[in-house]
K.L.:
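After the structure tokens below, expect a handful of questions from me.
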Amino acid sequence: QRWREMAAAEQPAWLDRLPQGPEWNFEGRHIGVDGAKALAALLERNDTVTTLNLRENEIGEEGAEALAAALERNKTLITLDLGGNNTGDEGTGALAVALGRNSTLTTLELHKNAIHNEGMKALAAALEKNCTLTTLNLCRNNFGPNGLKALAAALEKNHTLTTLDLTFNRLGEKAAMMLATVLERNDTLNKLYISENNFGNGGGLMLATALGKNCSLTTLELGGNKIGDCSMEVLAAALERNCTLTTLGLDNNEISDEGAKALAAALQRNGTLTILSLYSSNIGVEGAKALAAALGRKSALTTLVLSVNRGIGAEGAKAIAVALETNATLTTLELSGNDILSEGAEALAASLEKNCTLSTLDLSFNKLYDEAARALAAMLEANRTLITLNLKHNFIESEGAKALASALEKNTGLTTLSLGSCYIYDCGVVALAAALESNATLTTLDLDYCQVGAEGAKALAASLEKNSALTALMLNGSSNIGKDDAKALLVALEKNFTLTTLSLRSSLIDDDDAKSVAALLERNRALTSLKKLPPAAPSVNANTALTVAPATSTPPPVSATKSPLAPMSEIVSPAAVSAAAVADATPKAAKRHKPSAPDLSSSSSSSTSLGASVTAAAVETSSAAAAPPVAAAGQIPHSTPVIPPAQLTFSPTEENVLGRGSFGVVHKGRWGDIPVAVKSLHLQAASTDVVKELQGEVQVLSALRHPNIVCFFGAVTDGLRYLIVLELMETSLD
């Protein structure tokens, strides 16, 4: 009653602008405890809202208690997302009590809420009574095996829950035994996400054995659990008996060729598994050949993810290519970061001239050159089934881009082409722009960090006036595009009515330009996402659908639609997708939302996420007035690919040190999903000459492209640190 009275007396101003319709999205609005109380008061008397998203709003225990009280009275809400709100045991306990009495809620998201033993006990008690909840997300709560005990007991009695996410909870081998018992007895759970829980081989063996007895599970995500080959042998035997599992995620485990061979043998006998992900394992040529043999014979697989298994190489890619010639089921193949080289890509291209089922191919981060691009272009002229081709972060130059452009003039199937962080420059961009004038199928073109300049921008602007198919164009990191060139692109939108997303981060548009650009868009009714304009620019004009994303906005996560294995915690809300409709330059080798890749800082106290203390604006252009004296000399050259700090994570601990030099240290790190080497120079301790020397190193690395030279991915600076991000080689710098 006190909360209702307070809300009626002093409603926050934003409540006057409540969303229309049954879905309310307040994600990341910082509404706090008072805002949660006000919303709770509205929910008690509302009979239309079905979905409420309050992720990352700092509502705490008290806000959760208010919403719990409303939940007991509300009869329409079916989805409630309270992730990242630090509801704790007290707030979770209140929600659990409400859940025991509520008869409409089907989905409850409670990830990252500091829920421990008492909160888990309360939820377990609620699940024994509740008969409507079907989806429960408890990932990243670190409640450990003791917290799981009560929940596991409840799951043996509950017959409505179908989806459960327990990712990143430090469960350990003991908890794996509890979950194995659940799998043997529960007959309603369909999807179970238990990645990053340190089960080890012991836990893997128990879960694999239980899978052979389970008859309801369709999706099992076991990534990042230190599971090895001996577990794979038991799992393979279980797959031969299991007739319900369709999706199996085994990313970031210790699976080598022997484990891959066991799985391959099982695939030839299993008729239900359609999605298998082995991202970032230890699979080499022999394992790839075994999996290829399975694809060439009887297999139900439609999606195979083998990204970041560098041992596969060109020879493994050739074996897979041979299998593709006769395979009639596979639609998605992800081989990113496998060093297949142009030789492997050419073999795959030849096989796709015969294959008529593959629709998505990811060959990013594979050291491909123009000869590979030409082979793939020749394939595109004949192939009509491939719709998505990812060639990001390769050594493709203008000649390769010209070949692909020529293919686009004839191809009628491809809808998405990604060439981000290649070296195609204006010459290649002009050719692609010319192809766009006649191509009627391509809807997404990614040219992020491709060194696009004035000539390329003008050519793209001209093509946009004629093209009626393209819906998304990415030009992030195009610092060589000047103000007038960027304006030309936007002026073209007065005549283009199909492009919905234009991304121009790092182009030189200032506040005054942004205002004039807003005026130019008044006659455009198609664009819904424009990434570049600074916050001072009007965010709404006559084009009421336009979402203007400032340059300081953080990079969006990968959409859940990119991965059939995406756990609930990583699913992007519709509003978040519209505000950040196109992925940025983060490497997403397996194009999936793995629990192992995002936000490493939240799972390890020793990790240092650069995005926590550095704004994205500092990456694009640092202010000399606000920076320390040396920072002005430490600016990244405009021609250098710029990596947003939030995308880079590394632990500055001794075990991660690869080497030391006179001016800095090299650490192991991760850029998105990709392992990298991070060279760090502390600018406050360096002279201007040293900074200039490092700048020279960056410029040289940007120009060098050779199989015997480590790949240069980009640089990061925030005025206090200067980082060079390089390919991580399988060796030591000692």
K.L.:
Taking the side chain as C-beta and beyond, is there a heavy-atom pair between R670 and P675 under 4.5 Å?
P.N.:
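Side chain of R670 against side chain of P675, heavy atoms only: contact under 4.5 Å found.
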K.L.:
side-chain contact (heavy atoms from CB on, under 4.5 Å) between L110 and L95: does it pass, once the steps are laid out?
P.N.:
CA-CA 10 Å; L110 293 174; L95 289 166; 3.9 Å; yes
K.L.:
Identify, with sequence neighbours excluded, every residue that meets side chain to side chain donor-acceptor pair (under 3.5 Å) alongside D81.
P.N.:
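D81 satisfies side chain to side chain donor-acceptor pair (under 3.5 Å) with R55 only.
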K.L.:
Just jot down the side-chain contact (heavy atoms from CB on, under 4.5 Å) partners of N74, sequence neighbours excluded, or say none.
P.N.:
L43, T76, L77
K.L.:
Any idea which heavy atoms bring L123 and A96 closest together, and the distance?
P.N.:
N-CB, 3.8 Å
K.L.:
Applying salt bridge (charged side-chain N to carboxylate O under 4.0 Å, His left out), can you list everything that pairs with K121, at least two apart in sequence or on another chain?
P.N.:
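Residues passing salt bridge (charged side-chain N to carboxylate O under 4.0 Å, His left out) with K121: E118.
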K.L.:
Walk me through it: do D47 and K75 pass the test salt bridge (charged side-chain N to carboxylate O under 4.0 Å, His left out)?
P.N.:
CA-CA 7 Å; D47 59 358; K75 304 299 180 185; over 6 Å; no
K.L.:
Knowing that exactly one of V678, V676, L648 qualifies, which makes a side chain to side chain contact (heavy atoms under 4.5 Å, CB included) with F713?
P.N.:
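Looking at V678, V676, L648, the match for F713 under the side chain to side chain contact (heavy atoms under 4.5 Å, CB included) is V676.
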K.L.:
Answer yes or no: is there a donor N or O on one side and an acceptor on the other, between the side chain of N113 and the main chain of L82, under 3.5 Å?
P.N.:
yes
K.L.:
Quick one: CZ on F143 to CG on N169, what's the gap to the nearest 0.5 Å?
P.N.:
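Rounded to the nearest 0.5 Å, the CZ-CG separation comes to 3.5 Å.
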K.L.:
Which is it for N476 and Y449 under the side-chain contact (heavy atoms from CB on, under 4.5 Å) test, yes or no, and what are the steps along the way?
P.N.:
CA-CA 6 Å; N476 291 315; Y449 299 93; 4.3 Å; yes
K.L.:
What residues, two or more places apart in sequence or in another chain, satisfy salt bridge (charged side-chain N to carboxylate O under 4.0 Å, His left out) together with E61?
P.N.:
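So E61 forms no salt bridge (charged side-chain N to carboxylate O under 4.0 Å, His left out) with any residue.
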K.L.:
If we ignore hydrogens and angles and just use 3.5 Å, is the side chain of T443 paired with the main-chain N or O of T471 as donor and acceptor?
P.N.:
no
K.L.:
Between the main-chain N or O of I78 and the side-chain N or O of T106, is there a donor-acceptor pair closer than 3.5 Å?
P.N.:
yes
K.L.:
To the nearest 0.5 Å, what is the distance between CZ on F26 and CG on L52?
P.N.:
7.0 Å
K.L.:
Nearest 0.5 Å, please: how far is CD in E196 from CG in L171?
P.N.:
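CD of E196 is found 11.5 Å from CG of L171.
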K.L.:
Report yes if the side chains of L179 and F199 come closer than 4.5 Å at any heavy-atom pair, otherwise no.
P.N.:
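With C-beta onward as the side chain, the pair touches.
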K.L.:
Take R29 and E56 through the test salt bridge (charged side-chain N to carboxylate O under 4.0 Å, His left out) and record every step on the way to the result.
P.N.:
CA-CA 8 Å; R29 301 285 186 87; E56 307 292 343; over 6 Å; no
K.L.:
How far apart are the closest heavy atoms of A66 and A40, and which atoms are they?
P.N.:
O-CB, 3.4 Å
K.L.:
With sequence neighbours excluded, tell me which residues meet side-chain contact (heavy atoms from CB on, under 4.5 Å) with T104.
P.N.:
N102
K.L.:
Considering all heavy atoms of both residues, which atom of H30 and which atom of N57 are nearest to each other, and what is their separation?
P.N.:
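Scanning both residues completely, I find the closest heavy atoms to be N-OD1, 2.8 Å.
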K.L.:
Please lay out, stage by stage, how T79 and T50 fare under the test side-chain contact (heavy atoms from CB on, under 4.5 Å).
P.N.:
CA-CA 6 Å; T79 299; T50 60; over 6 Å; no
K.L.:
Applying side-chain contact (heavy atoms from CB on, under 4.5 Å), can you list everything that pairs with A154, at least two apart in sequence or on another chain?
P.N.:
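Testing A154 for side-chain contact (heavy atoms from CB on, under 4.5 Å), a comparison that skips the adjacent residues, returns A124, L127, E128.
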K.L.:
Got a sec, which residues hit side chain to side chain donor-acceptor pair (under 3.5 Å) with T188, two or more places apart in sequence or on another chain?
P.N.:
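Partners of T188 by the side chain to side chain donor-acceptor pair (under 3.5 Å) criterion, ordered by chain and then number, come out as N186.
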K.L.:
With R170, which residues qualify under side-chain contact (heavy atoms from CB on, under 4.5 Å), at least two apart?
P.N.:
N142
K.L.:
Restricting to side chain to side chain donor-acceptor pair (under 3.5 Å), what partner residues turn up for T48, sequence neighbours left out?
P.N.:
N46
K.L.:
Looking at E221 and G223, would you say the former's side chain and the latter's main chain have a donor-acceptor pair under 3.5 Å?
P.N.:
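Confirmed, E221 side chain pairs with G223 backbone.
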K.L.:
With side chains defined as the heavy atoms from C-beta onward, is the minimum distance between L54 and I31 less than 4.5 Å?
P.N.:
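Yes; the side chains approach each other to less than 4.5 Å.
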K.L.:
A side-chain contact here means heavy atoms from C-beta on lying under 4.5 Å apart; do L192 and L183 qualify?
P.N.:
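Yes, side chains in contact.
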K.L.:
Heavy-atom distance under 4.5 Å between the side chains of N146 and L148, does that happen here?
P.N.:
no
K.L.:
Restricting to non-hydrogen atoms, name the atom on L151 and the atom on L138 that form the minimum distance, rounded to 0.1 Å.
P.N.:
CD2-CD1, 4.0 Å
K.L.:
Working to the nearest 0.5 Å, report the span between OG of S277 and CG of L222.
P.N.:
11.5 Å
K.L.:
Counting distance only, does the side-chain N/O of D89 pair as donor-acceptor with the main-chain N or O of I115 below 3.5 Å?
P.N.:
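Side chain of D89 to backbone of I115, a donor-acceptor pair under 3.5 Å: no, none is there.
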K.L.:
Quick one: side chain to side chain donor-acceptor pair (under 3.5 Å) partners of E72, sequence neighbours excluded?
P.N.:
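Per chain and number, E72 pairs via side chain to side chain donor-acceptor pair (under 3.5 Å) with R101.
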K.L.:
Would you say K226 and N198 make side-chain contact, with heavy atoms under 4.5 Å?
P.N.:
yes
K.L.:
Report yes if the side chains of Y193 and L220 come closer than 4.5 Å at any heavy-atom pair, otherwise no.
P.N.:
no
K.L.:
Report yes or no: does N117 contribute a side-chain atom to a donor-acceptor pair with the main-chain N or O of G119 at less than 3.5 Å?
P.N.:
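No; judged by distance alone, with no hydrogens or angles, the pair does not exist.
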K.L.:
Take T167 and I194, measure what side-chain contact (heavy atoms from CB on, under 4.5 Å) needs, and give me the verdict at the end.
P.N.:
CA-CA 5 Å; T167 306; I194 47 178; over 6 Å; no
K.L.:
According to salt bridge (charged side-chain N to carboxylate O under 4.0 Å, His left out), who are the partners of E90, at least two apart in sequence or on a separate chain?
P.N.:
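Counting only residues at least two positions away or on another chain, E90 forms no salt bridge (charged side-chain N to carboxylate O under 4.0 Å, His left out).
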K.L.:
What's the separation between atom CG in L475 and atom CG in D448, rounded to the nearest 0.5 Å?
P.N.:
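If we round to the nearest 0.5 Å, L475:CG and D448:CG are 7.5 Å apart.
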K.L.:
Side chains of N190 and T218: do they bring a donor and an acceptor to under 3.5 Å?
P.N.:
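No.
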K.L.:
Can you tell me how far apart OG1 (T135) and CG (L161) are? Round to the nearest 0.5 Å.
P.N.:
7.0 Å
K.L.:
Are the side chain of N137 and the backbone of H111 linked by a donor-acceptor contact shorter than 3.5 Å?
P.N.:
no
K.L.:
What do the steps show when you test N85 against T87 for side chain to side chain donor-acceptor pair (under 3.5 Å), and what is the final call?
P.N.:
CA-CA 5 Å; N85 275 297; T87 59; over 6 Å; no
K.L.:
Side-chain contact, heavy-atom cut-off 4.5 Å: L136 with L108?
P.N.:
yes
K.L.:
At their closest point, which heavy atom of N53 faces which heavy atom of N25, and how far apart are they?
P.N.:
ND2-OD1, 3.4 Å
K.L.:
Please find the pair of heavy atoms, one from G93 and one from A122, that lie closest to each other, and give the distance.
P.N.:
CA-CB, 3.9 Å
